[in-house]
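Residue numbers begin at 1 in each chain, while the letters A, B, ... track the order of the sequences. These numbers were taken from a predicted model, which means no experiment stands behind them.
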Amino acid sequence: MTNKPIRVRFAPSPTGPLHIGGVRTALYNYLFAKKHGGTMILRIEDTDQGRFVPGAEDYIIESLEWCGIRFDEGVNTGGPHAPYRQSDRKSLYKEYSDKLIASGHAYYAFDTPEELDELRKMAEASKQTFTYNAVTRKNLRNSLNMSPQEVEQKIGEGMPYVVRFRIPENREVVMNDLIRGKVVVKTETLDDKVLFKSDGMPTYHLANIVDDHLMEISHVIRGEEWLPSLPLHILLYQAFGWQEPEFAHLPLLLKPDGNGKLSKRDGDRLGFPVFPLKWKDPFTGEISSGYRESGYFPDAFVNMLALLGWNPGTEQELFSMDELIQSFSLERVGKAGSKFDPEKTKWFNHQYLIRKSNRELAADFRKIIDSKGFKPDDNTLEKIVELLKERVNFVPELWNEGSFFFQQPETYDEQVIKKRWKAESADQMTALAAFLSSVEPFDSATLDQALKSWIESNAMNMGAIMNVLRLLLVGAAKGPHLADIMAILGKEETIRRIQRGVATIVQL
RNA sequence: GCUCCCUUCGUCUAGUCAGGCCCAGGACGCCAGGUUUUCAUCCUGGUAACAGGGGUUCGAAUCCCCUAGGGAGUACCA
């Protein structure tokens with residue numbers, strides 16, 4: 001067991017976009033596999049035909065791809081256990097269901113969904129919960145209460161049936177979870193879950209056990225919502241006589257405020273994406289925002305997600321994927337759910353952004369610049385990015401912080417005018433423009449020196465001049481060092497802006 | 001209701017398995033001060049937590065019990 005090759009799977013259901021909790025589950029599987037030189041498998045669990053959503057599978061694959069999570073086997077990738085889509089494996093499950101019936105671990109049930117609904121309603125009315133179990137199954141329409149001939153006849157007539165697992169009586173199921181430790185459950189509290197549906201498809205419970213066994217999965221790492229069905233799964237392995245894999249149930253991702261599982265609605269309500277990529281619902285046309293489209297870097301996104309529920313035990317916070325693989329261990333995954341923090345997510349992105357090369361950022365920024373119709377050369381754009389990067393969390397914000405590099409101010413901030421514009425400002429600025437025309441070379445260092453000595457020699461106030469100058473060049477009280485801005489704008493544009501600004505403000 | 005899981009600053013968490021190094025450390029956020037010709041960054045400082053109650057022990061965030069709170073599951077969904 002310990003020296004079996006490590007094989008893990010991420011097994012999403014293509015019922016919609018993958019939300020960040022699912023991405024984290026995939027990530028932890030991936031980190032665990034790579035850490036131990038194991039194999040990462042993508043299996044699509046689409047046994048519910050009624051919940052099929054077009055595009056969801058592609059969305060999942062593209063999302064994981066964006067995150068840098070790679071699969072060694074799976075849908076699209078192929079591998080020795082293909083196919084990896086459960087609907088393509090349909091023919092295989094009946095055999096296993098039959099085996100369980102033959103060995104007495106499962107039975108046919110002919111109760112209709114309507115009959116069961118009725119029973120549930122009645123139970124609910126008396127504040128009870130209906131369970132299909134050792135006591136109730138004695139009075140229901142199943143093969144346990146029929147002669148073999150009767151069963152055969154019903155099936156022969158084409159009567160719809162399901163196959164249910166027969167939960168053994170009076171036993172304790174002892175389970176070990178890698179994160180939570182030992183968990184014990186009495187079989188009396190379990191119910192006879194459906195394994196095989198009347199539509200000819202297995203349920204998750206059967207399909208997941210059969211496939212995990214066939215695909216030689218060594219560790220099942222999945223969300224905590226599966227913990228309550230772990231006893232059933234253990235019992236299934238035992239019924240088949242198979243060696244069970246190790247299990248690890250990950251804590252949930254919780255909404256930032258209040259309690260409960262993070263859901264799509266929380267993102268809408270609080271204004272942050274809950275999906276890696278933008279998603280358009282094929283039925284309603286509704287659009288959900290994604291991290292990618294919101295300007296997050298995949299490595300920052302992955303870094304943030306990795307630390308939500310796991311920590312390295314050191315004070316390191318920034319991890320590349322390789323470093324995550326190196327440091328990851330299931331032992332250091334916490335037990336309690338983590339509230340998602342959109343603010344810290346932004347901080348992570350900022351950290352990654354300031355570490356990117358100017359060249360890389362400039363290339364990203366150019367897409368935005370292009371759409372605005374500006375064509376700066378690479379060198380200039382890289383300089384601009386250099387000046388701006390510390391001030392933003394996202395590439396698109398570069399425009400908000402630095403549009404003045406490309407276009408003259410459309411308006412001049414009224415507050416700043418009120419505070420800085422004095423009676424003598426117009427004359428001072430006109431004089432400054434004249435002086436600037438003589439400054440050569442027009443680079444940052446030279447300008448810095450020239451400006452200082454000009455202000456001093458004219459016995460003017462540094463703050464007054466510089467702030468007014470900034471107002472004319474930028475339009476507001478913001479932005480990087482002025483000499484840097486002027487150097488990028490160039491002499492001609494700088495002087496032009498001063499003259500235009502003076503003319504405009506004087507008229508106000 | 002029932003079953004299972006969980007509980008350290010507002011949030012993510014270290015420390016819990018091997019009790020003393022913890023009047024509890026880091027990060028995000030927030031607040032204040034500093035740097036700066038502006039804004040942002042940055043730097044410094046501050047804010048703020050062992051859910052509650054019993055035990056065990058010389059000593060408990062750490063071990064045991066109880067209570068409370070929260071979460072998940074309870075489908076012919078995954």
- prompt: Just how far, in rounded Å, is C1' of B/G1 from NZ of A/Lys127?
  reply: 8 Å
task: Please work out which residues in residues 345-356 of chain A have a non-hydrogen atom less than 4.0 Å from an atom of RNA chain B and list them by number.
output: A/Trp347
message: What's the closest nucleotide to the side chain of A/Arg180 if the choices are B/A78, B/C12, B/C6?
response: B/C6
- line: Quick note, A/Glu317 side chain, CB onward, closest among B/A72, B/C76, B/A27 is B/A27
query: Between A/Asp212 and A/Arg43, does at least one N-O distance fall below 4.0 Å, as a salt bridge requires?
result: yes
message: When the C1' atoms of B/C12 and B/U7 are compared, how many Å lie between them, rounded to an integer?
response: 15 Å
- prompt: Among B/G70, B/U38, B/U37, which is the nearest nucleotide to the side chain of A/Asn259?
  reply: B/G70
- request: Assess whether one donor atom and one acceptor atom, taken from the side chain of A/His481 and the base of B/U36, lie less than 3.5 Å apart.
  value: no
statement: Using Watson-Crick geometry (N1-N3 plus N6-O4 or O6-N4) or G-U wobble (N1-O2, O6-N3), each under 3.5 Å, B/U56 is paired with none
message: From the set B/C76, B/C12, B/A72, return the single nucleotide nearest to any side-chain atom of A/Val162.
response: B/C76
C1' gap between B/A78 and B/A72, integer Å: 14 Å
message: Check this for me: does the side-chain of A/Lys344 come within 3.5 Å of the base of B/A27 through a donor and an acceptor?
response: yes
task: Tell me the partner of B/U74, counting only Watson-Crick (N1-N3 plus N6-O4 or O6-N4) or G-U wobble (N1-O2 and O6-N3) with both under 3.5 Å; none if nothing fits.
output: B/G1
query: In the structure shown, which nucleotide is the Watson-Crick or G-U wobble counterpart of B/A24, with both distances under 3.5 Å?
result: none
field: Nearest-angstrom distance, P atom, B/C76 to B/G69
entry: 32 Å
